[in-house]
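What you see is a predicted model; the values in this text were computed from it and never measured. Keep in mind that the numbers below use all heavy atoms, side chains included, and drop hydrogens, waters and symmetry copies.
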Amino acid sequence: MQRKSSRSRYCIGELIEREDFSEDLAAFKFQVDRELPFIPGQYATIGFEIGEKIVQRPYSIVSSPHEPFMEVFVELVPEGATTPLFWELKLGDTVFIRDRLVGKFVMDTESGMTRHIMAGTVTGAAPYISIARTLKIEQEQGKSNPHQIISIVGASRSWELGYYLDELNELAAQEEWFTFVPTVSRPWEDAEWQGESGRAEDVIRKYGDQLEFDHTNSVVYACGHPQMIENAKSIWARARFPEERIKEEKFFVIKE
């Protein structure tokens, strides 16, 4: 009875699409067997059955709640408990997904601020993509959008962002409310790259100042590598952002 009860807390997600960006970065889309409401920026707990246990970890959701699939952007951690299992998945394979999607790393709609600076590293772009997709879809549905977003995403090389690089560039070209700044920290390994170079935290003040996103009108967000987050928080603190308007979501890549 206990085993049946524990399984009842999960949905089944069938892998319907997979795109490998590099040897250790890939996007996975799942068809879930029931509707799972969530707020853009929240995460799903995804599990794999090993023996009689379900081994699970949280993954930020890339897709919008308006889309008919669940998408996650995963970095392979060879010694991790779950990411190597993602790399074994083939189309049609299934995973367990907890039936409650949770998390507090969502866009601030309560402070009255309408400007948002969102800094991320590689897979840390996931919640921002979900937010941007949702605002775009709701705009197409006729809903007004009072928000302005600068999304700054760092990677070692541009191809690590896969098709999200094109998606966000296209959105920025289409929508005045969205500014996208990709930056690479190893431009010498990315010969065709012509954009920003450096880490995400290296350019957050530059674009915030240029576009007049500051402590009087903005909320700031950092998601991904813990060191980037600490650096960004220090920069924003010196720029007089109050603590309650600095939001963070750490992705630990050494341990799972």
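- In terms of hydrophobic clustering, with Ile, Leu, Val, Met, Phe, Trp and Tyr side chains grouped at heavy-atom distances under 4.5 Å, Leu168 and Val122 are assigned to a common cluster.
- With a 6.0 Å radius and a threshold of 12 heavy atoms from other residues, nucleotides or ligands, Gln174 has its CD atom above the threshold.
- A donor-acceptor pair is defined here as one N or O able to donate and one able to accept, closer than 3.5 Å; such a pair exists between the side chain of Glu67 and the backbone of Ser64.
- Between Ala200 and Gly120, the shortest heavy-atom contact is CB-O, 3.7 Å.
- In this structure, the side chains of Val184 and Pro187 come closer than 4.5 Å at one or more pairs of heavy atoms.
- Ionic pairing of Glu71 and Arg133 is present here: one or more N-O contacts between side-chain nitrogen and carboxylate oxygen are shorter than 4.0 angstrom.
- In this structure, Arg18 forms a cation-pi arrangement with Trp87, its terminal cationic atom sitting closer than 6.0 Å to the ring centre and no more than 45° off the ring axis.
- If you take OG on Ser22 and CD on Glu160, they are separated by 6.0 Å, rounding to the nearest 0.5 Å.
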Check against salt bridge (charged side-chain N to carboxylate O under 4.0 Å, His left out), Glu230 and Lys250: CA-CA 10 Å; Glu230 292 308 309; Lys250 293 179 180 177; 3.3 Å; yes
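- Under the 6.0 Å distance and 45° angle rule, Lys29 counts as a cation-pi partner of Phe69.
- Using modelled atom types, one side-chain atom of Gln42 and one backbone atom of Ile39 make a donor-acceptor pair closer than 3.5 Å.
- Of all non-hydrogen atoms in Pro127 and Gly41, the two that sit nearest each other are CB-CA, 3.7 Å.
- Contact of the Asn231 side chain with the Gln227 side chain is registered, since non-hydrogen atoms from C-beta on lie closer than 4.5 Å.
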Could you walk me through whether Trp177 and Leu135 satisfy the side-chain contact (heavy atoms from CB on, under 4.5 Å) test, starting with their C-alpha distance in whole Å, then the side-chain angles of each, then the deciding distance to 0.1 Å, before giving a yes or no? CA-CA 10 Å; Trp177 54 265; Leu135 289 174; 3.7 Å; yes
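- Side-chain contact between Gln31 and Met70 is absent, with no heavy-atom pair separated by less than 4.5 Å.
- Taking every heavy atom of both residues into account, Gly198 and Thr183 meet most closely at O-OG1, 2.8 Å.
- Residues Thr82 and Tyr59 have side chains that bring a donor and an acceptor to within less than 3.5 angstrom of each other.
- You'll find the side chain of Ile46 reaches within 4.5 Å of the side chain of Phe86, heavy atoms only.
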Could you pull out every donor-acceptor pair under 3.5 Å between side chains of residues 140-156 and any protein atom, sequence neighbours left out?
unit_1	atom_1	unit_2	atom_2	d
Asn145	OD1	His147	N	3.0
His147	ND1	His116	NE2	2.9

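- No single ILVMFWY cluster, assembled from side-chain heavy atoms under 4.5 Å apart, contains both Leu76 and Tyr163.
- For Phe73 and Phe28, the distance between ring centers is not under 6.0 angstrom.
- Atom CD of Glu14 is separated from atom CD1 of Ile16 by 8.0 Å, given to the nearest 0.5 angstrom.
- Hydrophobic clustering, with ILVMFWY side chains joined whenever heavy atoms are under 4.5 angstrom apart, keeps Val62 apart from Phe38.
- The OG1 atom of Thr216 sits 7.5 Å away from the CE atom of Met113 when rounded to the nearest 0.5 Å.
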Please list every donor-acceptor pair under 3.5 Å in which a side-chain atom of residues 93-108 meets a protein atom from a residue at least two apart or in another chain.
unit_1	atom_1	unit_2	atom_2	d
Asp93	OD2	Lys90	N	2.8
Asp108	OD1	Glu110	N	2.8
Asp108	OD1	Ser111	N	2.9
Asp108	OD1	Ser111	OG	3.4
Asp108	OD2	Ser111	OG	2.9

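- The shortest non-hydrogen separation linking Arg57 to Ala81 is NH2-CB, 3.4 Å.
- Between Glu75 and Thr83, the closest side-chain pair of non-hydrogen atoms is not below 4.5 Å.
- In terms of modelled atom types and a separation under 3.5 Å, the side chain of Arg157 and the main chain of Glu189 share no donor-acceptor contact.
- When only modelled atom types and interatomic distance are considered, Gln56 and Tyr10 share a side-chain donor-acceptor pair under 3.5 Å.
- Rounding to the nearest 0.5 angstrom, the gap separating the NZ atom in Lys206 from the CG atom in Leu211 is 11.0 Å.
- Cluster membership check: Phe213 shares its hydrophobic cluster with Ile235, using side-chain heavy-atom separations under 4.5 Å among Ile, Leu, Val, Met, Phe, Trp and Tyr.
- We find the CD1-CD1 distance between Ile61 and Ile131 to be 11.5 Å, quoted to the nearest 0.5 Å.
- Looking at heavy atoms from C-beta onward, Pro65 lies in side-chain contact with Thr134 at the 4.5 angstrom threshold.
- Considering only heavy atoms from C-beta on, Phe180 comes within 4.5 Å of Pro182 through its side chain.
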Donor-acceptor pairs under 3.5 angstrom involving side-chain atoms of residues 236-243: please list them, not counting sequence neighbours.
none

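- Note that NZ of Lys136 and NE2 of His66 are 13.5 Å apart. Values are rounded to the nearest 0.5 Å.
- One hydrophobic cluster, built from ILVMFWY side chains closer than 4.5 Å, cannot hold both Met118 and Val203; they sit in different ones.
- Nearest heavy atom pair, residue Ala232 against residue Glu201, reads N-CB, 4.2 Å.
- With hydrogens and angles left out, the side-chain atoms of Tyr43 and Glu249 include no donor and acceptor closer than 3.5 Å.
- A donor-acceptor pair under 3.5 Å links the side-chain atoms of Arg245 to the main chain of His215, judged by distance alone.
- Asp202 places a side-chain N or O within 3.5 Å of a backbone atom of Arg199 that can act as its donor or acceptor partner.
- The shortest side-chain heavy-atom distance between Asp190 and Ser158 falls under the 4.5 Å cut-off.
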